[in-house]
Structure formats: C-alpha cells, structure tokens
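My structure is below; once you've seen it, I'll send some questions.
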Amino acid sequence: MEAGALIIFALLVLFAFLGLGVWAAVKVVGAAKRGVDRTITQARRTVEDTALRAKSLGQVGVPGALAQLRLDLRTSMRATQQALYQGVQTDASLKESIGLFERLSAHGHELDEELKRLEQEPDRRRIADGLPELRERTAKITEASDSLRWAARDRARRFAQDDLTSLSEQIEMESGALRDWSRESVDDLAAAAEAAGATGGSAAGDGAPAARPPPAGRQPSPTAAPDPRPDTPRPEATT
C-alpha cells in the first residue's frame with residue numbers, strides 16, 4: 001500500500017511538472033507571437049505612411065488630397081494613442097480618456113478605410129465634390145485627438161512641476177537644517193575645547209608639588225668615586 005501511494009504521488013508530481021512546462025511553453029510562444037505581430041504591424045504602418053507621404057508630395061489633385069488626409073489622420077491618432085497609453089502607467093485617471101479615445105479611434109479607422117477605398121475610385125470628379133465633407137470629418141477627428149493628447153501632456157507637465165516645487169521646498173528645508181546643525185557642532189567643539197583647557201589647568205594646580213631647586217651656595221654632593229688603588233692586606237703586627 002505504501003509503495004503504491006508513493007508511486008501515485010510521484011506520478012502526480014510528474015504530471016504537475018509536465019503541466020507547468022506546457023503552460024510555460026504556451027506563454028512563451030504566445031508572447032513571441034505577439035511580439036512578431038507587433039513588429040509586422042509597425043513595419044506595415046511605416047511602409048503605408050511612407051507611401052502616403054510620397055503620394056501627398058508627388059501627386060496633385062484628388063490623389064494627393066486623399067493621401068494628405070489619411071496621413072494627417074493617422075499621424076494624429078497614433079501620437080495620441082502613444083501619449084495616453086504611456087501616461088496611464090503613472091496616472092490612472094487617464095483611463096477615462098483612453099475610453100473616449102477608443103471610441104474616437106473607431107471613427108478614425110472608419111474614415112481611413114473610406115479614404116483608402118476612394119484612392120481606387122476612378123470617378124475623380126465625384127471624389128472632388130466630396131472632398132470638403134471628407135476634410136471636415138478629418139478635421140473633427142484630428143482636433144478631438146489633438147485635444148486629448150495635449151490635455152494629457154499638460155496634465156503630466158503640471159504634475160511634474162508640482163512635484164519639482166515640493167521637492168525644492170523639502171531640499172531647502174533640509175539644507176537649512178544642515179546649516180544649523182553645522183553651526184551648533186562648531187559651538188559645541190569650541191565649548192568642549194575650553195572645558196578641556198580649564199580641566200587641564202586645575203589638574204596641574206592640584207597635583208604633586210614640583211621639584212624645588214637647591215638653595216644658593218649649596219651644590220649637591222657628587223657621588224664618591226671608587227679608590228683606584230688596589231686593596232692590599234696590611235701586615236700583621238709581630239710581637
């Protein structure tokens with residue numbers, strides 16, 4: 001029974017590790033696929049923008065006007081999207097602005113697709129008659145997009161200025177405190193030095209008396225030098 005239970009437990013652990021491995025592999029593959037999709041999308045947008053810029057500069061009439069409208073629309077929408085999605089990482093209040101932008105983005109995509117279809121329309125006169133209305137729609141969308149973008153940037157700039165002002169005030173207060181502490185430490189050191197000097201003088205006055213010089217006219221007797229003559233035994237008296 002115990003051996004069977006151990007085998008079952010080992011199989012469960014093995015299956016758990018296999019499941020985690022499969023899940024991790026799927027996550028890695030999904031992340032890689034999303035990264036590739038983003039790269040392809042970005043490359044496609046860059047190619048389309050370059051082609052639109054070339055058309056707007058190199059062609060006249062209806063084709064050039066349509067290319068310029070698409071370029072203005074795409075440039076404004078992409079800049080606003082980048083500003084909002086980067087700003088929401090530090091300012092959660094921009095989530096509502098992102099919701100409004102997504103609704104506006106739906107109108108922008110619809111207009112961009114319509115302008116793209118009109119580029120292939122052979123009836124140039126009819127397109128020319130509809131250009132004023134297309135310009136008006138494009139202007140409404142780009143103005144709304146620009147308004148959101150500049151409002152988000154102004155908000156971020158205001159927060160940065162307020163934070164810088166608060167930080168400058170805190171640094172000024174800390175600098176004043178450091179200067180006060182420096183003056184107090186110098187005063188403390190001077191007082192400690194004076195106290196040490198007074199203590200040293202009193203210790204010298206209260207200690208053992210100093211050696212007095214000998215009185216005048218009396219010189220200390222030098223130590224008697226040994227007799228250089230050798231000691232010889234005296235002859236004994238004879239009787």
Original post:
Is it the case that more than 12 heavy atoms not belonging to E114 sit under 6.0 Å from its CD atom?
Top reply: yes

Original post:
So how far is it from D72 CG to D146 CG, rounded to the nearest 0.5 Å?
Top reply: 9.5 Å

Subject >> R149 to A83 - nearest heavy-atom pair and separation >> reply: CG-CB, 3.9 Å

Subject >> Under-4.0 Å salt bridge between D162 and R158 >> reply: yes

**OP:** Assess the side chains of S76 and T142: does a donor N or O sit below 3.5 Å from an acceptor N or O?
**Re:** no

Original post:
Do W150 and F101 belong to the same hydrophobic cluster, where Ile, Leu, Val, Met, Phe, Trp and Tyr are linked whenever their side-chain heavy atoms lie under 4.5 Å apart, directly or via other members?
Top reply: no

Subject >> Test item: L69 and R137 side chains (from C-beta on) under 4.5 Å apart, heavy atoms >> reply: no

Subject >> Gap between atom CD1 of I127 and atom CD of E121 - 0.5 Å precision >> reply: 5.0 Å

Subject >> Stepwise side chain to side chain contact (heavy atoms under 4.5 Å, CB included) test for R78 and Q82 >> reply: CA-CA 6 Å; R78 189 171 301 126; Q82 183 178 3; 5.6 Å; no

Original post:
For E133, does the CD atom have more than 12 heavy-atom neighbours from other residues, nucleotides or ligands under 6.0 Å away?
Top reply: yes

**OP:** Indicate yes or no: does R126 engage D129 in a salt bridge with an N to O separation below 4.0 Å.
**Re:** no

Subject >> Nearest atoms (heavy-atom pairs only) where P132 meets A128 >> reply: CD-O, 3.7 Å

Original post:
Taking a hydrophobic cluster as the set of Ile, Leu, Val, Met, Phe, Trp and Tyr residues connected by side-chain heavy atoms closer than 4.5 Å, whether directly or through intermediates, do L131 and I141 fall within one such cluster?
Top reply: yes

**OP:** For residues A152 and L94, report the shortest heavy-atom separation together with the two atoms involved.
**Re:** CB-CD2, 4.2 Å

Original post:
Can you check whether P63 reaches R124 side chain to side chain, under 4.5 Å on heavy atoms?
Top reply: yes

**OP:** Specify the closest pair of heavy atoms between R135 and A65, including all atoms of both residues, with the distance to one decimal.
**Re:** NH2-CB, 3.9 Å

Subject >> L111 and H107, any side-chain heavy atoms less than 4.5 Å apart >> reply: no

**OP:** Taking all non-hydrogen atoms of both residues into account, name the closest pair between R155 and S93 and its distance.
**Re:** NH2-OG, 2.9 Å

**OP:** State, yes or no, whether a side-chain contact exists between Q161 and R157 at a heavy-atom distance under 4.5 Å.
**Re:** yes

Original post:
Can you tell me how far CD of Q89 sits from CG of L84, rounded to the nearest 0.5 angstrom?
Top reply: 12.0 Å

Original post:
Can you tell me if S147 uses its side chain to pair, donor with acceptor, with the backbone of E143 under 3.5 Å?
Top reply: no

Original post:
Roughly how far, to the nearest 0.5 Å, is CD of Q86 from CZ of R153?
Top reply: 9.5 Å

Original post:
Would a 4.5 Å heavy-atom cut-off, applied to side chains only, mark L118 and V62 as touching?
Top reply: no

Original post:
What distance do L167 atom CG and E172 atom CD have between them, rounded to the nearest 0.5 Å?
Top reply: 11.5 Å

**OP:** Give, for atom CG of L104 and atom CD of Q81, the distance between the pair rounded to the nearest 0.5 Å.
**Re:** 11.5 Å

